[in-house]
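See below for the structure under consideration.
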Amino acid sequence: MGMKLKHKFSFSELVYLFSIIYYLVIGIWVFCIFDQDFADNVNFFGVLIILSSVPHILIYAINQERKTYLIIGLVGLAFGILFIASDLFTPDQVCMIWGCIDICRGTTEIIAIAPTIRKNKANYFEIAISVGDIVIGILLCIHLADGLRLHLIYLAIEFVVTGIKNLVELIVERKNRNEGPTDN
């Protein structure tokens with residue numbers, strides 16, 4: 001008796017699965033390796049911001065309604081490349097820019113999700129995670145003088161939170177696909 005795979009994944013769901021694993025691995029990796037030597041390295045932050053941008057662009061590629069993902073992904077790629085290619089930025093400036101990106105991302109996601117809250121109660125969790133993005137962005141901007149080690153912890157938290165957020169989006173997408181259209 002062979003077992004059949006009961007729940008096949010669509011391409012978009014596979015991209016969400018990839019982004020979930022990707023963000024969680026990066027977040028855990030940053031937690032495990034954070035060290036003051038890394039915190040002082042702008043190139044390290046540049047690599048992290050590039051790594052965090054890739055799944056955003058992939059998610060936009062499968063769902064063009066998520067324009068904020070494309071914008072945030074491209075902005076992250078541009079700044080990551082700029083951080084690596086130039087000596088213009090200090091680690092504090094990198095964290096301030098990244099914090100501003102997080103604040104913008106969280107705000108735009110709340111604006112995009114809020115109108116659908118009545119139709120889909122799972123969006124409350126997405127809004128809570130977007131508020132978390134905003135809080136992490138604010139913390140990145142505020143704690144510049146308190147040491148760069150905190151920034152890596154905040155960034156690791158951001159990656160883990162983003163992985164969880166993408167897991168929620170995957171669950172919502174699967175639920176919506178399984179329920180089909182409703183006439184309410």
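Here the structure is a predicted model, which means the values were calculated and not measured.
I110 pairs by the side chain to side chain contact (heavy atoms under 4.5 Å, CB included) definition with I127, S130, V131, I134, not counting sequence neighbours. For Y22, the ring pair (Phe, Tyr, Trp, His ring centres under 6.0 Å) criterion is met by F18, not counting sequence neighbours. The side-chain hydrogen bond (donor to acceptor under 3.5 Å, both in side chains) test applied to T107 returns no partner, not counting sequence neighbours. With sequence neighbours left out, the ring pair (Phe, Tyr, Trp, His ring centres under 6.0 Å) criterion links Y69 to H56. Contacts of T108 classified as side chain to side chain contact (heavy atoms under 4.5 Å, CB included), with partners at least two apart in sequence or in another chain: T68. Every residue meeting the side chain to side chain contact (heavy atoms under 4.5 Å, CB included) condition with I97, not counting sequence neighbours, appears here in chain and number order: F79, F83, F89, I101. Applying the side chain to side chain contact (heavy atoms under 4.5 Å, CB included) rule to I62 yields the partners F11, S12, V15, Y16; only residues at least two apart in sequence or on another chain are considered.
Shown here for Q93 and L88, the closest heavy-atom pair between the two residues is OE1-O, 3.4 Å. Nearest heavy-atom pair, S53 versus G73, reported as atom, atom and distance to 0.1 Å: CB-O, 3.3 Å. Between P55 and S19, the shortest heavy-atom contact is CB-CB, 3.6 Å.
Atom OH of Y23 is separated from atom CD1 of I28 by 15.0 Å, given to the nearest 0.5 angstrom. Taking CZ of R105 as the start and CD1 of I71 as the end, the distance is 13.0 Å to the nearest 0.5 Å. Separation of atoms CE (M96) and CG (L140) is listed at 9.5 Å; rounding is to 0.5 Å. If you take CD1 on I49 and CG on L82, they are separated by 10.0 Å, rounding to the nearest 0.5 Å. Note: L14 CG to L170 CG = 9.0 Å, rounded to the nearest 0.5 Å. Atom CD1 of I72 and atom CG of D102 lie 8.0 Å apart (nearest 0.5 Å).
Among residue pairs with one or both ends in residues 68-81, none qualify as salt bridge (charged side-chain N to carboxylate O under 4.0 Å, His left out); sequence neighbours excluded.
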Exercise for review: Report the C-alpha distance between I117 and Y124 in whole Å, list the side-chain angles of each, state the deciding distance to 0.1 Å, and finish with yes or no for side chain to side chain contact (heavy atoms under 4.5 Å, CB included).
Suggested key: CA-CA 7 Å; I117 204 81; Y124 282 116; 3.6 Å; yes
Point to revise | Test log, rule side chain to side chain contact (heavy atoms under 4.5 Å, CB included), inputs N43 and V47 | key: CA-CA 6 Å; N43 289 339; V47 168; 5.6 Å; no
Review point. Run the side chain to side chain contact (heavy atoms under 4.5 Å, CB included) check on I50 and I84 step by step: do they pass?
Key: CA-CA 10 Å; I50 289 170; I84 292 170; 3.8 Å; yes
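A continuous path of Ile, Leu, Val, Met, Phe, Trp and Tyr side chains, each step under 4.5 Å between heavy atoms, connects L17 with V161, placing both in one hydrophobic cluster.
Each of L58, L51, I57 was evaluated against V54; a single residue qualifies, L58, per the side chain to side chain contact (heavy atoms under 4.5 Å, CB included) test.
Apart from V25 itself, the hydrophobic cluster it occupies contains I21, where clustering links Ile, Leu, Val, Met, Phe, Trp and Tyr at side-chain heavy-atom distances under 4.5 Å.
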